[in-house]
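Have a look at the structure below before the remarks.
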Amino acid sequence: MTVIDVFAHILPPKFLAQMQALNPQILDQFPYMKNALLTDLDQHKASLPADHQQVLSAVNLNPEDFFEPDQAAELCRSANAELAAIVRANRDVFPAGVAMLPMNNVPAALQIIDEQVAGSDALVGVQLFTRAKGESIAAPVYRPIFAKLAEVGAPIWLHPVFDDRKPDNNLSFSWEYELTQAMDGIVAAGYFRQFPQLKVIVHHAGAMIPFFSQRIKYIQSAENYADFQKFYVDTAILGNPQALDLAADFFGRDHVLFGTDSPFGIPPVGPTAVIEDAVQHMAVSPAERQQIFSGNWLRLSGQKEA
């Protein structure tokens, strides 16, 4: 049985070198990115269990946070081309990659989707973050990106970042709040109704939504409640089968995809073993478990199951 991890990270080494050439101390702001498993592909591949594959996305070293719009766009194009080459050269372990976009240059972001994602044999969607340039990802300025991705049928990988306005950010809880707020913003903006083909894969099993789903049911509209259930979610909560059951009950077992956030979470190689064990102990049927491990991703990406 092949297990497909839909939310695993690397830091493409040529892209990192480009960023460091422009800002030599850039990684000093992100010590957790000084991890050889992000940049050394041989070490990264050696860390994977047998019969495991990863859909790769870059860590959140986002060019728009450091450089002006045109330069950010070129850095994103370069990183995407590098990631696509990595996928094509290593399809046995990396079946697909996820593109990055310059969020300070929406016109260029739309061009990148058309040129590097739509119809690509390597890059199957884009990674967006819960906030960009001081705005919620659901802010109107980013609406064209959601529309374009729905149009071309490419999923969004939704990853959390801190809201820099807050003085008490912490890794245990802040990212879950930010994911929840972003999901609420996407639903409130009506994107699932405006763009029926929109697909969004949310990190960390949908954050707070499954636990507080009844608050959504009785406080928000029935339409909003139904829209929350349209998200796809991964399993990257470092274990806890009961919590994963809660996510599967709310979003549906067909909307849960195996994902780990590797190589982060549990040193030295990431939490794959712990999360895989949690999925093995979920209250689902063997067929549903297999769907979580690979089938749901294959269906979402338009591939046939083996």
Side-chain angles (χ1 to χ4, degrees), residues 1-12 35-60 83-84 86-87 89-100 122-127 155-160 179 199-206 231-241 243-244 247-248 251 253-282 284 288-303 305-306:
M1 176 189 74
T2 298
V3 175
I4 303 175
D5 180 349
V6 304
F7 231 126
H9 297 301
I10 66 166
L11 181 51
N35 183 333
L37 293 179
L38 292 173
T39 53
D40 187 320
L41 286 178
D42 290 334
Q43 284 193 50
H44 188 112
K45 290 190 292 183
S47 74
L48 298 181
D51 296 321
H52 281 61
Q53 297 180 341
Q54 293 179 334
V55 177
L56 295 177
S57 53
V59 292
N60 55 315
L83 180 56
I86 289 170
V87 167
N90 299 276
R91 288 202 184 273
D92 57 327
V93 286
F94 305 138
V98 183
M100 62 169 58
L123 303 181
V124 294
V126 307
Q127 182 170 229
I156 293 166
W157 275 249
L158 185 62
H159 193 288
L179 278 170
K199 300 178 182 67
V200 183
I201 303 169
V202 182
H203 215 7
H204 302 180
F231 288 103
Y232 291 80
V233 300
D234 74 1
T235 57
I237 56 172
L238 305 182
N240 196 340
L244 293 176
F251 295 106
R253 286 154 176 76
D254 59 338
H255 276 222
V256 179
L257 313 172
F258 185 75
T260 68
D261 202 24
S262 288
F264 303 117
I266 301 177
V269 296
T272 299
V274 169
I275 296 175
E276 189 169 349
D277 182 70
V279 174
Q280 292 287 4
H281 287 87
M282 289 176 66
V284 296
E288 290 168 335
R289 185 172 292 108
Q290 179 59 37
Q291 293 302 300
I292 292 169
F293 277 135
S294 63
N296 290 338
W297 161 249
L298 294 173
R299 186 177 61 257
L300 178 63
S301 57
Q303 303 174 62
E305 297 181 49

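Remember, predicted model here, so these are calculated numbers, not experimental data. Values below: every heavy atom of this structure, side chains too, minus hydrogens, waters and symmetry copies.
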Quick check against the 3.5 Å criterion: does [X] have a side-chain atom that pairs as donor or acceptor with the backbone of [Y]?
X	Y	answer
T235	G259	yes
D234	H204	yes
H52	A50	yes
Q54	V93	no

Given side chains that start at C-beta, do those of [X] and [Y] come closer than 4.5 Å, heavy atoms only?
X	Y	answer
L300	V6	no
L244	V256	no
V59	F264	yes
V124	S301	no
D254	Q291	no
H9	D261	yes

With under 30° as parallel and over 60° as perpendicular, where do the rings of F251 and F231 fit, or are they tilted in between? perpendicular
* Output the distance between atom CD (Q280) and atom CZ (F293), rounded to the nearest 0.5 Å. =>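 Here the rounded value is 4.0 Å.
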Worksheet item: Got a second to check how far Q127's CD is from F7's CZ, nearest 0.5 Å?
Response: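 Here the interatomic distance stands at 5.0 Å.
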Between W297 and A96 the two heavy atoms that sit nearest each other are CZ2-CB, 4.4 Å
Residue set satisfying side chain to side chain donor-acceptor pair (under 3.5 Å) with T272, at least two apart, ordered chain then number -> S262
Residue set satisfying salt bridge (Lys or Arg N to Asp or Glu O under 4.0 Å) with E288, at least two apart, ordered chain then number -> R253
By side-chain contact (heavy atoms from CB on, under 4.5 Å), L83 pairs with (sequence neighbours left out) I10, L56, L123
Worksheet entry | Derivation of the side chain to side chain contact (heavy atoms under 4.5 Å, CB included) call for I275 and D277 | CA-CA 5 Å; I275 296 175; D277 182 70; over 6 Å; no
From the list V3, L257, T2, I4, side-chain contact (heavy atoms from CB on, under 4.5 Å) with S294 holds only for I4
